[in-house]
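All remarks here apply to the structure that follows.
All values below were derived from every heavy atom in this structure, side-chain atoms included, with hydrogens, water molecules and symmetry-related copies excluded.
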Amino acid sequence: MPAALALAWLLLRGGGRRTLLGALLTLAAVAVSTGLLLFAVGANHAFLQRAHADAWRHPDGAAASPAAIEALSTDYVRGRPISVIDLAALNGTAPVPPGMPRFPRPGESWASPALARLMRDLPADRLAGRFPAPAGTLGRRALVHPGELVIVIGRDARDPAVTAPRGASEARETTAGPTPIARFPTGASPLAVAYLSLMAVASVLMAVPLLVFGGAAARLTVARRDGRLAALRLVGATPGQVVAITTAEAVLTAVAGAVAGLLLYAAAMPALARITIQGGTWFTGDLWPGPLASAAVLAGVPVLVGVSAVAGLRRVIVGPLGVARRETPPATRAVRLGALAAVLIAFGAVGGGLTAFGRAALVILLVFLALAFLALNLAGPWVVALIGRVAAGTARTPARLLAGRRLLDDPRAAWRTVAGVALSGFVAGFLALLGAPPSVTAPGDRDALRLTLPQAGSATAVARVKDRLAGMDARITVKETVTEDDPLAEHGTVTRNVIVTAAVPGGAAALDRARTALAGAVPGRVATTPADEEVNGDVLVADLRTGALIVLAVSFLIAVTSAGITGASAVLDRRQAYAMLRLAGTPLPVLDRARRQETLIPLAVMGGGSVLTGLFLASPFATGSGSSGLVTLAVSVVLGFGGVLGAGALSRPLLRSVTREPAPRPD
């Protein structure tokens with residue numbers, strides 16, 4: 001192996017300027033793949049860290065030997081949620097909450113840094129008056145994101161503020177009733193699990209094209225490399241020596257590219273941490289995948305590149321003379337299209353009832369997404385060859401004839417140029433149908449604070465509310481409601497509540513003053529507006545859009561980078577063919593036009609097919625995204641074509657350079 005490494009290094013150094021350029025293109029492709037792959041892994045790690053940071057606020061079940069009582073409420077200021085955690089110790093073994101040095105004493109509070117700043121900035125009657133003065137600030141382990149508003153309040157175990165039931169919104173995880181605990185749990189809440197699931201889908205949508213691109217990086221300038229290796233084989237090199245040289249050359253370049261990708265990702269982390277998800281930005285450290293995951297990526301990418309490089313050596317080892325004569329490689333087979341058809345038929349059979357599989361549905365969907373990606377990548381060269389045959393047979397111009405012949409002679413190389421954008425079309429099609437309904441709050445209800453009270457003892461509570469709001473411009477109404485606990489039961493029980501509504505004109509400032517005045521008026525209950533109750537839903541909708549845009553941005557970055565790098569490497573691979581055409585009198589604009597058609601014709605067909613495949617796989621989950629999804633899809637298609645045209649234009653100077661001296665030269 002040391003001899004193979006030395007020979008590979010010698011070939012890289014002695015191959016001339018264009019061999020070095022080919023190696024740099026491979027290095028750049030591997031660097032981009034590694035950096036984006038680390039981003040996909042780092043994003044999963046970041047969501048997992050958020051899930052751990054959020055878990056302690058959602059106690060599950062009563063403990064056998066409880067040491068404390070915990071309850072969660074959600075208040076609001078300026079339309080932003082404030083997580084209020086009430087804690088009461090039952091004995092001296094109460095667990096220390098995350099991010100705090102000790103268990104809070106009764107009447108003591110600890111606020112997050114962002115909430116403490118807001119309490120200082122706003123007048124006391126708008127925010128600070130609701131809570132005890134903070135004795136300190138919560139540490140990193142207690143917070144989901146840096147800007148989160150959280151306060152922990154110590155209570156006496158008999159204080160109604162911690163023992164009173166919270167209300168009917170516990171299903172949305174904005175409240176949690178008083179729960180005896182012995183320790184703080186480490187499991188993820190259902191909302192955190194939902195985000196982790198969405199991130200898993202996004203990872204597949206990003207990672208599979210990245211792996212395909214990373215594998216394709218090993219095949220850049222493949223014709224030059226195969227020709228060189230075939231010459232070595234003809235002068236007596238054994239198959240083992242050829243494989244060793246190829247592996248060494250590919251891994252040397254890939255290791256350098258992977259390290260460059262790691263540095264690229266580390267430099268981008270501060271900017272990535274500013275992306276807003278779940279209502280806040282990120283702790284930069286959360287985006288770091290960790291030493292084990294980083295080492296796995298750094299080791300896995302060069303291995304993938306090495307395996308991909310060796311996988312294409314069969315012709316060199318078995319028929320080096322044919323490679324040296326540049327004979328046309330064997331045609332692809334239609335069975336490749338059959339693999340894609342099999343995946344789509346299988347998804348059509350199970351996709352309609354996928355939601356009935358529960359949590360397993362996510363795993364099934366991820367498997368189908370990965371299989372669809374790989375099947376598209378497998379079918380691509382066969383479709384490109386078919387397109388080339390049609391284009392060459394119907395050509396009316398020299399450029400179209402050249403493009404058709406190139407597609408037909410080497411469909412795999414042509415597919416590598418457009419594969420990135422075609423697979424991005426799959427992502428755009430899949431995301432176009434996903435969405436969520438917008439908020440339905442009527443504009444007139446947004447300034448109406450509501451408190452829902454049990455009917456028993458409500459008269460005293462209503463009187464207390466009216467007393468707290470005396471002197472404010474508030475119109476108070478009281479309404480009794482009756483709700484059937486089980487609408488399907490013949491003789492079911494009913495719940496009788498009293499809803500106190502306070503319409504407070506004057507905007508957000510007046511609303512916050514009214515909230516502060518009502519703080520603690522009814523133990524365990526927080527006055528909210530209908531708009532408050534939709535905050536989580538609106539955040540989720542915004543996060544879905546942000547996530548879709550990030551996945552699309554990553555996909556197009558892969559696509560444009562792939563188109564640019566493979567376009568340049570294709571010019572290097574075919575430089576002798578271009579030189580011969582120039583010697584035969586073919587104008588340079590005709591060669592450039594043929595090169596452009598060679599990309600755009602298969603892109604139009606395969607891009608459209610990929611979009612339709614993505615739409616098909618997303619159809620069971622379509623939630624009525626309406627025109628916004630179609631606009632996103634249309635913009636994605638335009639960006640994809642524009643990106644490929646722009647990336648292709650970047651290699652035009654290289655084409656001019658390799659045809660400036662049209663006399664063929666040995667490598």
### Query
Are W288 and M269 close enough that some pair of their side-chain heavy atoms sits under 4.5 Å apart?
yes

#### Entry: Atom pair CG/CG of N377 and L340 - distance to nearest 0.5 Å
11.0 Å

#### Entry: Intermediate values then yes/no, side chain to side chain contact (heavy atoms under 4.5 Å, CB included), R656 and L588
CA-CA 7 Å; R656 190 179 300 114; L588 188 61; 3.9 Å; yes

### Query
Which heavy atom of Q597 sits nearest a heavy atom of P602, and at what distance?
O-CD, 3.9 Å

### Message
When you measure from the side chain of T586 to the backbone of L581, do you find a donor-acceptor pair of N or O atoms at a distance under 3.5 Å?
### Response
yes

### Query
side chain to side chain contact (heavy atoms under 4.5 Å, CB included) with L298: which residues, sequence neighbours excluded?
T34, A258, L262

### Query
What heavy-atom pair brings L337 and W382 nearest, and what distance separates the two atoms?
CD2-CZ3, 3.5 Å

### Summary
Sorted by chain and number, sequence neighbours left out, side chain to side chain contact (heavy atoms under 4.5 Å, CB included) with L264 holds for none

### Query
D592: what forms a salt bridge (charged side-chain N to carboxylate O under 4.0 Å, His left out) with it, not counting sequence neighbours?
R595, R596, R652

### Summary
Contacts of V611 meeting side chain to side chain contact (heavy atoms under 4.5 Å, CB included) (sequence neighbours excluded), chain-then-number -> L615, L633

### Task
Compare all side-chain heavy atoms of S294 with those of Y265 and state whether any distance is below 4.5 angstrom.
no

### Message
Using a 3.5 Å distance criterion without hydrogens, assess whether the side chain of R405 forms a donor-acceptor pair with backbone atoms of A403.
### Response
no

### Query
Can you tell if the side chain of L374 reaches within under 4.5 Å of the side chain of L378, non-hydrogen atoms only?
no

### Query
Residues in salt bridge (charged side-chain N to carboxylate O under 4.0 Å, His left out) with R406, at least two apart?
none

### Query
Do you know which two heavy atoms are closest between V590 and P398, and how far apart they sit?
CG1-CB, 4.2 Å

### Query
Can you tell me how far CD1 of I550 sits from CD1 of I275, rounded to the nearest 0.5 angstrom?
4.0 Å

### Query
Are S33 and V301 close enough that some pair of their side-chain heavy atoms sits under 4.5 Å apart?
no

### Task
I would like to know whether V367 and F347 meet side chain to side chain contact (heavy atoms under 4.5 Å, CB included); could you show each step before the answer?
CA-CA 10 Å; V367 170; F347 183 79; over 6 Å; no

### Query
Can you name the nearest heavy-atom pair linking L38 to G261, along with the distance?
CD1-O, 4.3 Å

### Message
Testing the basics here: between V30 and G257, what is the closest heavy-atom pair and its distance to 0.1 Å?
### Response
CG1-C, 3.8 Å

### side chain to side chain contact (heavy atoms under 4.5 Å, CB included) involving N44 - partner list, sequence neighbours excluded
M199, S203

### Query
Rounded to the nearest 0.5 Å, how far apart are CD1 of I387 and CG of L408?
11.5 Å

### Task
Flag the pair R396 / R400 as yes when at least one side-chain heavy-atom distance between them is below 4.5 Å, and no otherwise.
no

### Summary
Here the pair of heavy atoms bringing L407 nearest to G388 is CB-CA, 3.6 Å

